[in-house]
Amino acid sequence: MTNDLALQAIDLVKYFPTGASKILGRPTNSVRAVDGVSLTVQKGTTLGIVGESGCGKSTLARLVTRLIDPTSGSVLLDGVDITTLSGSDLRKTRRKLQMIFQDPYSSLNPRHSIGQIISQPLAIQHIVPKGQEMARTQELMERVGLNPEHYNRYPHEFSGGQRQRIGIARALALEPTVIVADEPVSALDVSIQAQILNLLENLQKELGLSYVFIAHDLSVVRHIADQVAVMYLGKVVEIGPAADVYSRPAHPYTMALLSAVPVARPSERGNGHRIRLVGDVPSPIDPPSGCRFRTRCWKATDLCAQQEPVLAPDEAGRVVACHFPNEVPVSLGIRPS
Amino acid sequence: MSNTSVLSVRNLSVAFATADGDVIAVDKLSFDLALGETLGIVGESGSGKSVTASSIMRLNNSSSATTTGEILLEGTNILTASEDEVRSIRGKDVAMIFQDPLSALNPYYTVGHQIAEAYEVHHHGVDKSVVRSLVLDMMTKVGIPNPEKRIDEYPHQFSGGMRQRIVIAIALINQPKVLIADEPTTALDVTVQAQILDLMKSLQLEFNMAIILITHDLGVIAEVADNVLVMYAGRIVETSSVSALFAEPVHPYAFGLLGAVTSLEASDRGQLDTIAGSPPSLISLPSGCSFHPRCEFVEFGNGKCVSVVPELRSIGTLGSSTACHLSDDVIVSLGRKAARA
Amino acid sequence: MFIFVVRRLFFAVVLLLAVSFFTYMLFAMLPADPAALTCGKNCKPDIIAANRIRLGYDKSFLEQYWLFLKGIFVGRDYGMGAAAFSCAAPSLGYSFGQHECVTTLIAQTFPVTAYLSIGAFILWMIIGIGVGAIAALHRGKWQDRAASLFTSIGVSLPTFYIGLLVLFSVVIWLRILPFPSYESPFDNPQAFLQTMILPWLVLAVLSAASYTRLTRNGMLEAMNEDFVRLGVAKGLRQRVILRRYVMRQAMIPIVTIAGLDFAGLLGGAIITESVFSLPGMGRMSIRAVVESDLPVLVGTTLVAAVFIVLANVLVDIAYGYLDPRVRVR
C-alpha cells in the first residue's frame, strides 16, 4: 500500500512569528498558518485542497515543496523525508516535486526567452546529455501545446493561458512525479481555464503524474480532483473522495462552502435552501478554542468550544473533524449524483 | 421599455490612442436599463466590459480616450454634459463598486470620513451630527456590526468582505438610481461573495435601483442578473434574459462559455469543452466577425463570417438577440444542445 | 504611541553612545600623537609633555573616553593652578588649534549653518514639490519634460561647480550682489539676506531635483490607485482629490527623505559653506581636518550624529501620523 503513495505529509505545522514585545522586539505571537495537517496523495491521482483565504492552503503548498521549512512534521516523497534533506540530496529529490504558480507572468523571468526558461532546469540538473537541451525543450513545448518555433520569444509576447503553459513545461522539464499547483487557473479567463485544466488532465494520463491542486474555486477542484481536502484556519476539516465530499458533505463548513457557490446551470440549482455563513474567518493568530469553525457554525454547542474535534471517520465513513457531522443524505442546493 | 428606462446607451464607442495605433475597446454598444433591473455584462478580459462601465461615469482618461455615442441618464447625455454636471451625477445618481475592496478605500482616512465625504459632496451645509447618524445608519444597513465603534476605524482594520461593505455604503449613501458593480465579488472568498451578493439584492429592492453587474463568472450572473449582455472584443454578441441564456444561448461564443464552466457535479470527469485559442488583440482584430477564428461553426456562415461584421438581430422566442451569421434555426438548435451539455 | 516614542528615544541614546565611542576612537587609532599637535611650530618636548598631561592624553583610551563622556554632562576642568581652565557642561572637549572649548566654537558656528539649512530647506521643499506636482499634472507635456530636464541637471551638477559659477556670474561679473560676507541677521538683516540668498538658492535648486522626481512619481502612482478612482466616482472635485487622496500618499516617502536630508544639512553644509565663505560648522570641520584639530572633529561629528538620530525618530513619529497603517496601537 505504501508503494502507491506519491506524497505524504505527516502532521505538518507552520507557525509564522509575529508581533514584537515592547522593549526587546522578540516575537510574542505567531500566525498558526498550518496547524497539524496530514495528507496522502496516491500515485497518478489528484488531491484537491480547497478553502478560503487564510486557511493555510498556500502555506501548505510551500511546505510540501519545501520552499519553506516546517515548524514540525515531515513530508515523504516516495518514502524519503524531504524535510531533513539538504544540499545535493535535497536538490536531487526535489527534482521530483515541481510547482506551478497562480500568476504565470510574475513567475517567469521577463529577460529570458521561453527556450531559456524551459531549458534552464535541464542544464542545471543534467537531465539530458549536452547538446540535446534544445530538442528536449521543443518537445516539451509541443507537449503543452505551444508552438516549438516560438522558442526564442519572450514571456510578454504570450497571452496568460500560454504563459501558464510555459510554466507547466518548465515544471515538466525535470520529469517530476508530483506537481503542486497553487491556484493555477484562477487568473485566467473561463475559456482559457478549461484549456489548462484539460491539459493538466491529459498530462496526468500520459505521464502518470500526481497532483496537489490548490484552488479556492470549488467547481474547478471538483472537476480535476480525485480526493478533496477542505481546510479551515490551518486545519483539514474534511477529506475524502471528491464525489462523496461534494454530494454528501459531512462538515458544516464544507456544506456552507458548497452552498455559497453561485451555480451557473439552472439544472443544478435546487430547492433554494441556502446556508449563509455570518461574519469572517477569525484571525489565525488567536484561533477560537475547541473547534475553530464554531464561531460561524450554526450547530455549535458548548462541547465545540471546549473540545477540539479530531479528524476521523464518522458512522458513514466520511473523514471529518466535527462533533456533529451532517446526516446523510443532506439536501443542498445541489442534486445528489 | 424605453419609457421606464433610467439609463439608455446608444451607439457607444470608445477608442484609445496607444503607441501601436488606435484601439477600439467598445464598438457601437446600445442597451437600456430600467429601475429595479439588474443587467449583467459578461465577457473575458479585453471584451470592453469595464471600459463600458467607466464610460457611464465618464471616468476614462479624456486625453487618450475618444468616446462617441450617447449615454442618457433620464434624458441627460452624460457624454456631452459639462464637467460640473457630470460631477453632480457621479456618486449621486450613478455610483460604482470596484473589484478590489482592499485598494478601493483611501488608507489615510477613517471609513466614517469616507462615507460621510460621499454624502457631503452632494449635500452642502448639512450638520455634522446629522451626517454621522446617516453614516451609522448606512453602515448598519450594509451589515457592519458595531458601527458606533467601527466608524472611526481605518480601512486596514477591516477584512476584505467588510471593506466591500464599506464601498457599498459609500456607493449607496446618496441612494443612486444606477449602481455599477465592476467584478464586485471577484476578489472575495466564496462565502463572503454569497453574503455580498445577497446584500446587493436586498438593497436593490429597498432602494429600487438599477444595477449593472460586470463579471466573468456565469454563476454570479445566474444568481443575480435579470438580463445579460455577452461581450466579445468590444462588441455585444448576445443579449438575453438570464433564463434564456442558460436555456437557449444564441451565440457560438456563449455556447463555448457555458461548456467551459466547471460544475460542482461533474461526476463523469470528462474533458471540458473549450473555446480554442485566446481572445484576440484589440490592436489587430480579425476581419468580419471577431470571433470567427475561434468559432467551430464558421463553415455554416455562408462565407460571411470572415468578411462581414454581423449586426445584432432578434432571434428565437425568448426575446434574445444575436450577432451571428448562422441561420436562426441552426443557432437555436445548437444553443439548446449547448445548454443541455 | 507614548511607549513607542519612549522606546525609540531609548534606542537613540544607545546609538549615540556607540557613535560617540567610535568617533572618540579616532583619537586612539590615529598614528599622530595628539599632544604633539597642540603646539605646532613652537613645540618643545617639555611643552608637549605638559600639554599631554593638561589635556589628559596621558591617560588610557577608555579613561579618556570616560572623561569625555562625563564632560558632556558635568563640564570639564583642564590642568591645575594658574594654567587651569574649564569648559562648562555640555563640554565636547578643548580645541588646541583655536584654544577654545569645542562647545563654544560650535555655539558660534551652528547658527550660521542653521540659517543656511532652514532657508534652503524651505526653498527646496517648495521648488521640489511644486515642480514635481506640475510635472505630474501635465504628464507627457512640455511642463513634464522641462521638469525632467531640471531634475537631470540638478542631480548631475556638483554644488561646488554651480556654486562657484553662480558666485562668479552674479557677484563678480553682473555685480548684482556684493561679495558674500556673513553678518548676523540681528545686527544687519540686509547684509545677511544679501549673503544668504545665493547659497540658499544654489543648495535649494540642486537638492530640489530629487524631490521633484519623488513628488512626480509618487503622485502619478497615487493617481493610478483604485481609491483615487473611487474619489472621482464619488463626485469629488479634483482639488480635493489631489489634497486628500493623491498628495497624502505622495508625501510619505518625501517626509522620510526630507527629515534625513535636513538633519544632514544641520551637521554642516561643508561645500556650500566653503564656496560662499560662510562661517558655519561645515567650514569649521574642514579647517579642523586641515589642522588636525581632533577635538573639534569629534565634537562636530557627534553633533551631526545627534541630528541624524533625532531626525530618524521624528520621521518615524511623523510616519505613524501620516499613515494609519503603521500607527502603533
Side-chain angles (χ1 to χ4, degrees), chain A residues 50-55 158-162 185 188-198 201-202 216-226 242-243 246-247 253 256-269 274-281 296 332-337, chain B residues 42-47 143 145 158-162 185-195 197-198 215-224 242-243 245-247 253 256-279 281 294 339-340:
Chain A
V50 292
E52 295 179 287
S53 47
C55 75
F158 292 86
S159 67
Q162 286 172 317
V185 297
L188 304 175
D189 280 322
V190 187
S191 69
I192 309 299
Q193 189 171 319
Q195 294 172 3
I196 298 293
L197 290 175
N198 286 346
E201 282 187 350
N202 290 337
H216 69 278
D217 186 327
L218 285 121
S219 52
V220 166
V221 170
R222 171 71 188 95
H223 180 79
I224 199 162
D226 303 292
Y246 279 72
S247 62
Y253 178 61
L257 266 185
L258 288 170
S259 164
V261 176
V263 177
R265 288 160 206 251
S267 65
E268 288 175 29
R269 257 173 286 161
R274 286 288 153 124
I275 301 159
R276 286 288 184 260
L277 289 184
V278 287
D280 295 307
V281 183
R296 299 172 78 195
L332 268 190
I334 309 161
R335 209 170 50 188
S337 50
Chain B
V42 212
E44 296 182 282
S45 38
S47 62
F158 290 77
S159 69
M162 283 296 151
T185 58
T186 307
L188 303 176
D189 280 320
V190 53
T191 58
V192 180
Q193 164 171 290
Q195 295 169 0
L197 292 178
D198 285 353
T215 180
H216 68 280
D217 188 334
L218 285 175
V220 171
I221 287 286
E223 294 248 320
V224 296
V242 72
S243 53
L245 176 69
F246 292 103
Y253 176 62
L257 280 185
L258 288 181
V261 171
T262 47
S263 126
L264 284 179
E265 61 166 24
S267 46
D268 51 1
R269 266 199 85 184
Q271 291 263 300
L272 290 167
D273 296 335
T274 61
I275 306 174
S278 325
S281 153
R294 303 176 75 189
R340 273 198 308 272

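So you know, we letter chains A, B, ... as the sequences are listed, proteins then strands, and number each from 1.
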Quick check for you: to the nearest 0.5 Å, what is the distance between Gln193(B) atom CD and His216(A) atom NE2? 8.0 Å

Can you name the nearest heavy-atom pair linking Thr274(B) to Gln195(A), along with the distance? CG2-N, 3.6 Å

Nearest non-hydrogen partners of Gly277(B) and Ile192(A), listed with the distance: O-CD1, 3.5 Å

Given a strict heavy-atom distance threshold of 4.5 Å, which part of Val281(A) is in contact with chain B: side chain, backbone, both, or neither? neither

Go through the structure and list residues passing side-chain hydrogen bond (donor to acceptor under 3.5 Å, both in side chains) with Gln162(A), not counting sequence neighbours. Ser159(A)

Please state whether the side chain, the backbone, both or neither of Ile221(B) comes within less than 4.5 Å of a heavy atom of chain A. neither

Do you know which of Ser53(A), Ser191(A), Ala260(A) has the most heavy-atom pairs under 4.5 Å to chain B? Ser191(A)

So which atom in Val261(A) and which in Glu223(B) form the shortest heavy-atom distance, rounded to 0.1 Å? O-OE2, 4.3 Å

State, to 0.1 Å, how close Glu52(A) and Asp189(B) come at their nearest heavy-atom pair, and which atoms those are. OE2-CB, 3.1 Å

Excluding sequence neighbours, so at least two apart, what forms side chain to side chain contact (heavy atoms under 4.5 Å, CB included) with Val224(B)? Leu197(B), Lys201(B), Leu213(B), Val220(B)

Region of Leu218(A) in contact with chain B, defined by heavy-atom distances below 4.5 Å: both

